[in-house]
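Heads up: the structure comes next, in structure tokens.
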Amino acid sequence: MYVSASQEATPTLAAALTRRGFLQAGLAAGGALVVGFQLPLAQSAQPEKPGFAPNAFIRIDVHGKVTLIMPQVEMGQGIYTAIAMILAEELDADFSQVALEAAPPNDKLYGNPIFGIQVTGNSNSVRSFWLPLRKAAAGARAVLVQAAAQQWKVEPDGIRTENGQAIYDADARRIDYGALVDRARELTPPKDPQLKDVKDFKLIGNPLKRMDTPDKVNGKTVYGIDVMPPGVKFATLAACPVFGGTVERVDDAKARALPGVRQVIVLKDFVAVVGDHMWAAKQGLAALNITWNEGSNSAISSDDVWKKLRAASDKEGAVANSVGDAAKALTQGDKLEAAYEMPFLAHATMEPMNCTVHVTPTSCEVWVGSQVLSRVQATAARVTGLPLDKVTTHNLLIGGGFGRRLEVDMVDSAVQIAQQVDGPVKVVWTREEDIQHDLYRPVYRDALSATVANGRIVAWKHRITGSSVIARWLPPAFQKGIDIDAIDSAADIPYDIPNLRVEYVRAEPPAVPTGFWRGVGPNNNVFAIESFMDELAKKSNKDPVNFRRDMLDKSPRLKAALELAAVKAGWGNPLPARTGRGIALQVAFGSFIATVAEAEVDASGEVRVHRLVSAVDTGIVVNPDTVVAQLQGGLIFGLTAALYGKITIAKGRVQQSNFNDYRMLRINETPQIEVHLIKSGEAPGGIGETGATAAPPALGNAIFAATGIRLRRLPIDRDVLSGKKPS
Amino acid sequence: MVSLQINGEVRTVDAPPDMPLLWVLRDILGLTGTKFGCGIAQCGACTVHVNGAPVRSCLLPIGSVGDRAVTTIEGIGASAVGARVQKAWLDLEVVQCGYCQSGQIMSATALLNSTAHPEDSDIDAAMAGNICRCGTYVRIRAAIKHAAQT
């Protein structure tokens, strides 16, 4: 899914802001140059309202320190460093003097004007910032140059900037930005400042060290789970194991007798134990005898989920894209049909869900690592009944987001607990609770049919059936039966196909809540499309690389990625028995990626992935080391899903509970991974989501090449690969 | 009351002997660098050293520690090998979200203490108990080899 186009951002002096907005943004420190600008914030399906409201700020103080205050949060994706690099580049700042501050929650300043959402997600941080931030930084640079010109009584044209200084070469005068701030504050930045030419970039394109890393190797970084307000107590909770169930009664006699247990809190649909430490809370919870009212979902099983999904998939869907006459073209020629299915998945962030809250009669203070800070604040206000300005939030670093921290359920329950506790309480979920009460990547079914002639696809029909996360999470964006995320990378398939029809059927699973999961819509679509492309190549007796390349004339960037990946992976070179190579292509989040997997399947059906090679065109690369890291990690995230990822339902409950039965790839299973970046002058694409999408179809196609067995469901079924079960 | 030797200091805590070391470190002593990940010794986020050996603190009752020396991520930089591993982690930019990295660094330091120049198979054996959800394994492997050479 692509973000709305960049707004025309006119830098403005923050003097235009109200004093109130100023204070909330933390900008009130005197004597600084402040330039505000507007970011188009994510997920907006509609154009934003006209009118300029800055939602990010550059502040330069008299000591030359440059601070960017912005809504995005760091969760390991390296965004703080990349954004700082863009700012320092266009401002010609001293990079060591650049710092980033996460903005406080504030719908007015930092939210999207229509939806009021302050969000980090969808691989769009760099994409959102790219032009607005450069323009704002160039505007700030322009007023600093003008200030220097006034001070020196020379023409601004003769002044250049470098490393946080204005320099007049004619007589070798230099002055620090900090010394220009007082004068610059009185000036107005130009409307359309000159941006640097790409070839003049000094910082962008260099592998700079991340700013958030040093404290992550010595234990000093404070994640949400690490906060310790004075007097904090510790709680853990159990929700009804059946989705939608409630508490009937609780016998807490044994729990209350345990040392360190302070309180047992019984609420409508969960029970919490508060203690002097997590151990007491855990022991207390285990000692409770809880009777649940399991409600109407207690008979739901995975079979029910799949039956319902398959039935929905038989119906016609809302049309997401239509080219030519697919219906007619599908009646002629050599036709292939296939359906692919994806399981529920939990996020399993390494930092389990947690939230620390202190409620008093007149205030609420919340500590949490969140991708949606304004929703955290709104949730606390709703639960307590306090006005928004009585709710203080502290956003901590995030121990893994992957979409899970786009939700605020952990805030809702923690605030309810805190309302009954005297003083602050840290609510930490056990891993079991974290796995069994997630909002899951939806089950999907993709029904595809196509006809081929002369080695090319003539007609293509793709019907995507699954839950709409968008419809729950951002209702105004769900329009005309189309979930813009669920169809992403399918409606805009990169291949040159004359007759095309892509449909979406919204089908909500019984009982199971669904949410965004790293890679989002493209994960499902690219797996189905790239698996089917391989099946069509086979049907056409063509090599999978050649088959794809012949239909990519309209997508030269993807074609170049395909060719590079094929060369680097040694496509076509002989391999040992039961070993195969598979390729998968994707255009998602503005990045063009080709990935080759090399995998071996043994007689027992066990799969060993030897090598992954990705070629990536993500436009101008801000920090190449971060892009490579995101691909490496994303590919492993995707391999985990393909090899092991599966949440199943029985009696209305999730059957998995911890890393023993919801497995993660480990270092001994990790293949050699190579990432090749393609030089490009195009605007930067998103990268955080992409690797998760790339690995599963490449692996599925490698397994087919190794065994001749086509797996149309994930995760891979070792019994099918060993021949114990029919394929 | 239980006495523990942690990062070279004697710490006395009022906690039951069956309480796992993890929660004593985090919730009583405020040493939050050691992380909770699973509670069943499956993920390695809570790894500390007990007399130099890597141990999952989430299942280690403090009553069983005795006078053995406990080292956590807050103290590992005081040893030459620990400091080398931390530096290698930074040199190779291993970290993403960072939540698992305390445990990874503790396991890697223990490995290098026992095997100065580990082969890939040694790394697999020593590090397979540490999960990284961000998928930094490629760089963890490289950083261990880098630390072994410096």
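Order of the sequence lines sets the chain letters (A, B, ...), proteins ahead of strands, with each chain counted from 1. All heavy atoms count here, side chains included; hydrogens, waters and symmetry mates do not.
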Side chain from CB out, backbone as N, CA, C, O: work out which of these in [X] comes under 4.5 Å of a heavy atom of chain A, or both, or neither.
X: Ile105(B); value: side chain
X: Leu90(B); value: both
X: Asp18(B); value: both
X: Arg139(B); value: side chain

Best-contacting candidate, [options], against chain B by heavy atom pairs under 4.5 angstrom:
options: Leu639(A), Ile435(A), Thr670(A); answer: Thr670(A)
options: Asp215(A), Leu397(A), Leu665(A), Val222(A); answer: Leu665(A)
options: Gly400(A), Pro259(A), Ala348(A), Gly260(A); answer: Ala348(A)
options: Ile673(A), Val217(A), Ile636(A); answer: Val217(A)

Counting heavy-atom pairs under 4.5 Å with chain A, the top scorer among Gly37(B), Gly33(B), Pro16(B) is Gly37(B)

So which part of [X] gets closer than 4.5 Å to some heavy atom of chain B, the side chain, the backbone, both or neither?
X: Leu208(A); answer: backbone
X: Met350(A); answer: both
X: Val628(A); answer: both
X: Pro207(A); answer: neither
X: Met278(A); answer: both
X: Glu432(A); answer: side chain
X: Thr640(A); answer: side chain
X: Thr213(A); answer: both
X: Gln283(A); answer: side chain
X: Phe659(A); answer: both

Taking [Y]'s backbone N and O only, do any of them form a donor-acceptor pair with [X]'s side chain (distance below 3.5 Å, no angle check)?
X: Arg133(B); Y: Thr349(A); answer: no
X: Thr236(A); Y: Val428(A); answer: yes
X: Gln5(B); Y: Ala69(B); answer: no
X: His347(A); Y: Phe516(A); answer: yes
X: Arg26(B); Y: Leu31(B); answer: no
X: Arg518(A); Y: Thr693(A); answer: no

Just by distance, no angles: are the side chains of Thr12(B) and Ser3(B) close enough, under 3.5 Å, to form a donor-acceptor pair?
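There is such a pair between these side chains.
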
Hey, are Gln656(A) and Asp661(A) close enough side-chain-wise for a donor-acceptor pair under 3.5 Å?
no

Are Val95(B) and Thr136(B) close enough that some pair of their side-chain heavy atoms sits under 4.5 Å apart?
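No, their side chains stay 4.5 Å or more apart.
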
Check whether any side-chain heavy atom of Met19(B) sits under 4.5 Å from a side-chain heavy atom of His277(A), and report yes or no.
yes

Should the ring pair Tyr223(A) and Tyr99(B) be called parallel, tilted or perpendicular, given that the plane angle runs from 0 to 90° and is split at 30 and 60?
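Correct class here is perpendicular.
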
With a 6.0 Å cut-off (strictly less than), is the heavy-atom count around NZ of Lys254(A), excluding the residue itself, greater than 12?
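Not more than 12 within 6.0 Å, no.
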
